[in-house]
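Reminder, nothing fancy here: chain letters follow the sequence lines and each chain counts from 1.
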Amino acid sequence: MSRYNAKETEEKWQKRWAEAGCFAVKEDPSREKYYVLEMFPYPSGKIHMGHVRNYTIGDVVARYKRAKGFNVLHPMGWDAFGLPAENAAMERGVHPASWTYDNIATMRGQLKLMGLSLDWDREIATCHPGYYAHQQRLFVEMMEKGLVYRKESSVNWDPVDHTVLANEQVIDGKGWRSGAPIERRKLSQWFFRITAFSDELLGALDDLDRWPEKVRLMQRNWIGRSEGATIHFKLVGRDDRLTVFTTRPDTLYGASFCAIAANHPLAAEVAQNNAKAAAFIAECNRLGTSEEAIETAEKQGFDTGLTVQHPFVAERRLPVYIANFVLMEYGTGAIFGCPAHDQRDLDFARKYDLPVLPVVLPPDADAASFAVGDEAYTGDGTAFNSGFLDGLGVAEAKRAAIDSLAAQGDGEGTIQYRLRDWGISRQRYWGCPIPVIHCGKCGPQPVPVADLPVRLPDDVTFDRPGNPLVHHASWKHTTCPKCGGTAERDTDTMDTFVDSSWYFARFCSPRAQSPMDRAAVDYWLPVDQYIGGIEHAILHLLYARFFTRALKEIGYVGLGEPFAGLFTQGMVCHETYRDADGKWLFPEQVEKSAEGTARLLDGGAPVTVGRAEKMSKSRRNVVDPEAIISTYGADTARWFMLSDSPPERDMEWTDAGVEGAWRFSQRLWRLVGENLASLPAKDTPPPADLSDVTVELRRVVHKTVAACGDDLDQFRFNRAVARIYELANALGGFTAEDAGGRWALREGLELLVRLIGPMMPHLAEELWRQLGHDDYLVDEPWPSADDSLLSDERATLAVQVNGKKRATISLPVDAGDEEARAVALGEPAVQRAMDGKPARKVIVVKNRIVNVVV
RNA sequence: GCCCGCUUGAUGGAAUUGGUAGACAUACGGGACUUAAAAUCCCGAGGCCGCAAGGCCGUGCCGGUUCGAGUCCGGCAGCGGGCACCA
């Protein structure tokens with residue numbers, strides 16, 4: 001019996017599927033559609049195991065839904081703009097475009113080896129003018145609807161390289177290449193008005209019932225709706241006021257200071273004639289723009305010397321600090337601090353020796369003795385030390401405080417969102433040019449739709465840092481579309497998140513002359529199942545949700561939510577290896593012993609084995625998918641990806657696991673091959689009488705069919721895999737003794753082959769052919785189970801005494817509670833455990849358990 | 001710092017959603033086949049005590065609810081994801 005030759009067979013079927021056009025689809029209103037989409041890859045060079053996992057999962061869903069009769073759209077494309085292409089240009093002197101297109105060619109070839117059921121005719125790349133031209137048009141139309149505007153915003157500035165840095169390029173407050181301490185710098189930039197949809201984006205989460213709860217929760221928290229109050233403090237000795245936002249107006253009597261952001265206008269004013277304040281602000285600006293850097297930095301403040309008047313206690317004065325933890329982007333860029341009931345305020349107060357006055361009394365505390373130590377009290381309680389608020393609960397006190405502030409004209413109730421508008425300007429070359437022309441007379445003007453696209457010029461060099469578009473005179477200088485005078489193009493490009501915010505819509509009509517064809521999107525959208533990494537839980541998914549709403553406003557789509565179902569898969573991890581000097585080693589440099597120790601293949605020096613971590617180039621714990629596929633075949637790689645670990649969890653890639661998957665594919669090959677000669681011809685009707693063992697086998701087969709379908713519906717691929725192992729074990733251990741047995745064996749083998757179809761498509765197709773079928777398995781409908789074989793006649797019940805299992809009993813499935821009770825109490829082990837005591841209570845759960853309480 | 005997860009044998013995990021913990025697989029041990037090896041097939045196995053029957057313990061840690069908790073509640077620890085210019 002020959003071995004299964006995966007390489008040859010996979011090539012053969014991939015070619016035939018492509019020639020037959022199995023996976024090319026078009027709109028067909030007579031059929032129910034199903035749109036499966038995996039997050040499209042960034043063309044970084046080669047595919048990695050994370051891609052293999054993502055696309056395997058998506059392909060199983062696509063093939064399964066196809067077998068279930070849906071008209072399945074399953075496209076692929078490239079998220080092709082981005083920073084790494086420019087880095088490659090600077091490091092290796094290659095043009096970002098050729099680097100990107102080369103990578104796409106390589107990765108397309110690798111994906112094809114996986115045997116994915118993709119409609120390659122719909123392939124798109126976001127860096128192609130055929131894509132970004134439409135994106136520019138959408139930008140212009142959003143501008144006309146008031147969804148785009150311009151404002152000042154901070155960026156990370158590298159003072160040595162004279163370039164803007166991404167947060168990722170700022171390491172410990174320093175530029176990644178120059179090593180120079182970075183500065184915050186203000187630039188005029190374009191923003192999408194995502195906050196116009198804050199309430200909608202929040203509210204609609206409730207209806208996304210096929211999204212993971214944790215993603216919805218993260219988005220809710222990100223949008224961060226909070227009800228509170230805006231308070232206008234009178235600045236002592238001045239005519240103007242300091243406006244703060246708070247969620248705790250009930251603690252106003254406990255306020256001991258106000259704090260403003262370093263880039264608050266008042267701070268700038270103070271700094272004008274206070275060198276120390278200016279120095280402090282400069283220090284704050286070195287922190288970078290990321291929230292993490294700001295929040296983890298040591299809390300620091302600078303006393304401006306200004307004070308404000310307490311709105312409820314006229315004689316009380318609160319000092320105004322500039323503080324490094326107050327964000328200009330949130331609320332009003334200013335807060336009041338109540339140290340007793342906010343941890344950050346408490347830390348600040350202790351540091352600068354400010355009063356800590358408790359004003360909320362915990363339920364069981366004593367007003368005379370309650371004091372705040374190192375921990376602020378943030379729970380519910382009763383207001384005290386708070387004048388007219390005394391005795392009120394937190395919620396009532398908030399209302400009363402707001403009412404009173406409003407009555408005296410010092411404030412009002414406000415709803416505040418944490419969500420900020422989306423800044424999309426990037427001072428970089430390799431992105432979608434922002435289609436705007438700046439005219440000295442007319443101001444910024446959108447490029448007329450007829451003049452689109454604004455193409456990225458090819459003739460650029462990366463021999464100096466910064467954006468080459470700025471130095472490209474013939475591209476940059478143009479005329480104003482309004483007045484015809486000399487003008488300059490906007491040299492910024494769009495955030496790459498814009499590209500990925502509507503590609504799912506473009507896939508519906510990838511060659512349309514407009515951004516999208518309305519009939520096509522009406523048919524295909526929403527995406528029924530979107531699949532990708534959890535790391536995109538907030539930004540990408542929120543931006544895409546916003547963008548879809550914007551598309552609706554400008555008339556391209558009729559729906560608000562792009563993704564009806566979302567699945568977030570876990571990462572692919574691998575052990576890490578280091579040599580004696582702590583240098584990372586590739587898995588192929590290491591030889592492992594049975595005891596788990598490892599040594600260097602070259603020379604045998606000892607190697608330290610570290611725990612499994614996300615595969616990454618920097619740690620070298622990577623396994624090349626192409627090498628795995630050429631050794632074992634795509635089906636083996638796919639099967640291993642689906643085995644063992646639930647898809648939402650991180651999985652560990654191991655050699656042993658791949659080999660196990662490979663052995664199983666060989667076993668299936670033998671299982672069919674060895675039985676082939678004894679099987680009846682296909683479509684032979686079943687003999688009249690089947691023996692008991694044959695019926696037992698059919699029960700296993702049909703239970704597996706039913707359970708596998710459920711598992712695939714629920715993304716429980718690892719369970720489906722385990723069930724298929726069980727089925728293969730049952731079929732392998734079955735000896736057909738008569739015609740009925742041989743008939744049932746054929747039935748079982750055919751169903752087994754059909755069940756593995758979505759997971760190991762090439763092997764399944766080949767075995768289907770071996771079993772005598774000359775149609776494509778990919779065109780076969782999903783099998784259904786014979787319901788009469790799904791139920792058992794007897795059940796095994798556990799018998800517990802006081803919750804401890806003492807025996808098991810077998811009963812007919814329709815046995816009554818009385819019978820179960822009698823049989824259970826009759827068990828010798830149960831009587832022994834009862835130790836002669838009477839049963840006080842007997843709980844019977846049908847077909848499950850009997851618990852005797854003594 | 002803030003938000004969100006995860007934690008079950010040597011290992012990945014399963015557990016009908018509060019009802020027999022450890023399915024299935026990997027690694028391991030024993031056996032069969034073979035001149036031998038590989039491959040394949042069969043058997044074993046949570047830990048401790050015991051010849052055995054059986055007993056006790058056991059789902060990261062501490063506590064609670066319940067006839068019954070891996071599953072629910074409260075607290076803690078460890079690990080991971082995100083934090084708006086990485087994609």
Side-chain angles (χ1 to χ4, degrees), chain A residues 3 39 41-42 44 79 81-84 153 155-156 164-170 189 194 212-215 217-222 224 289-297 299 325 329 343-344 347 418-428 495-497 500 533-540 542-543 568 570-571 573 594 596 611 613-614 643-646 648-652 654 656-657 659-661 663-664 666-667 670 707 716 718-719 721-726 729 732 796-805 807-808 829 832 840-843 845 847-853:
Chain A
R3 273 205 179 167
M39 291 178 184
Y42 177 77
S44 53
D79 187 14
F81 275 136
L83 210 45
S153 175
V155 293
N156 302 307
V164 175
L165 297 180
N167 281 340
E168 160 181 90
Q169 299 170 313
V170 179
Q189 310 200 56
I194 187 171
E213 185 50 44
K214 65 172 167 180
V215 174
L217 190 56
M218 281 191 264
Q219 292 218 351
R220 270 186 207 111
N221 290 336
W222 186 262
T289 58
S290 87
E291 193 171 314
E292 188 201 358
I294 294 163
E295 294 269 346
T296 52
K299 309 287 171 278
F325 60 88
E329 287 79 17
Q343 191 61 45
R344 213 163 45 175
D347 296 342
R418 211 185 74 98
L419 183 67
R420 313 200 288 255
D421 277 332
W422 175 15
I424 59 149
S425 297
R426 297 291 180 270
Q427 296 69 41
R428 280 191 256 290
D495 179 5
T496 56
F497 273 125
S500 55
I534 183 69
E535 67 273 19
H536 295 291
I538 297 176
L539 291 182
H540 161 60
L542 193 60
Y543 291 150
T568 53
M571 299 181 304
C573 301
R611 60 154 222 284
E613 294 180 68
K614 178 181 179 168
S643 308
D644 295 346
S645 297
E648 68 278 12
R649 259 208 247 172
D650 291 352
M651 68 169 293
E652 188 182 348
T654 61
E659 275 163 34
R663 278 201 298 273
F664 184 63
Q666 294 294 336
R667 201 166 130 218
R670 286 194 307 273
R716 307 176 82 147
N718 55 321
R719 271 215 320 203
V721 164
R723 288 187 210 285
I724 288 170
Y725 273 114
E726 283 174 314
N729 289 345
T796 306
L797 288 79
V799 184
Q800 297 181 335
V801 177
N802 289 337
K804 269 182 191 290
K805 188 174 93 170
T808 55
R832 224 180 308 131
R840 283 197 289 132
K841 196 171 168 189
V842 179
I843 291 139
V845 182
N847 297 334
R848 290 276 148 75
I849 204 164
V850 180
N851 191 10
V852 181
V853 186

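Side-chain atoms of A/Arg848 and base atoms of B/U20 include no donor and acceptor less than 3.5 Å apart. The base of B/C67 sits within donor-acceptor range of the side chain of A/Asn851, with an N or O pair under 3.5 Å.
As judged by a 4.0 angstrom heavy-atom cut-off over every strand, A/Gly82 is placed among residues touching the sugar-phosphate backbone only. Here A/Gly533 lies out of heavy-atom contact (under 4.0 Å) with every strand. Among the protein residues, A/Gln189 comes within range of the nucleic acid bases, having at least one heavy atom under 4.0 Å from a base atom. Using a 4.0 Å heavy-atom criterion, one finds that A/Asp79 contacts the sugar-phosphate atoms exclusively. Within 4.0 Å (heavy atoms only), A/Val155 reaches at least one base atom of the nucleic acid. Counting non-hydrogen atoms under 4.0 angstrom, A/Lys804 reaches the backbone sugars and phosphates but no base. Heavy atoms of A/Leu83 sit under 4.0 angstrom from primed sugar atoms or phosphate atoms, though from no base atom. Looking at heavy-atom distances under 4.0 Å, A/Leu419 makes contact with a base. Contacts of A/Ser44 with the nucleic acid, taken as non-hydrogen atoms under 4.0 Å apart, are absent. Within the 4.0 angstrom heavy-atom criterion, base atoms lie near A/Lys805. Note on A/Ala656: only backbone sugar-phosphate atoms sit closer than 4.0 angstrom, heavy atoms only; bases stay farther off. Using a 4.0 Å heavy-atom cutoff across all strands shown, A/His536 reaches at least one base atom of the nucleic acid. Within 4.0 Å (heavy atoms only), A/Arg840 reaches no atom of the nucleic acid at all. Looking at heavy-atom distances under 4.0 Å, A/Ser645 makes contact with sugar-phosphate atoms alone, never a base.
A/Lys214 places a side-chain heavy atom less than 4.5 Å from the side chain of A/Ile534.
Consecutive Watson-Crick or G-U pairing (both distances under 3.5 Å) extending over three or more pairs maps onto RNA chain B as B:1-7 with B:77-83, B:10-12 with B:24-26, B:28-32 with B:40-44, B:46-49 with B:54-57, B:60-64 with B:72-76.
Straight-line distance from the CG atom of A/Leu539 to the P atom of B/C4: 16 Å, rounded to whole Å.
The separation of B/G9 from B/C48, taken at their P atoms, amounts to 15 Å, rounded to a whole angstrom. B/U17 and B/U65: their P atoms are spaced 26 Å apart (whole Å). B/G81 and B/G75 have their C1' atoms separated by 24 Å, given to the nearest Å. A gap of 12 Å separates the P atoms of B/G31 and B/A37, to the nearest Å. Taking atom C1' in both B/U71 and B/U16, the straight-line distance is 13 Å, to the nearest Å.
Between the CZ atom of A/Arg663 and the CZ atom of A/Arg667 there is a distance of 10.0 Å, given to the nearest 0.5 Å.
Here the nucleotide nearest the side chain of A/Val853, chosen from B/A14, B/C67, B/C83, is B/C67. When each of B/G1, B/A84, B/G19 is scored by its nearest atom to the side-chain atoms of A/Arg420, the top-ranked nucleotide is B/A84.
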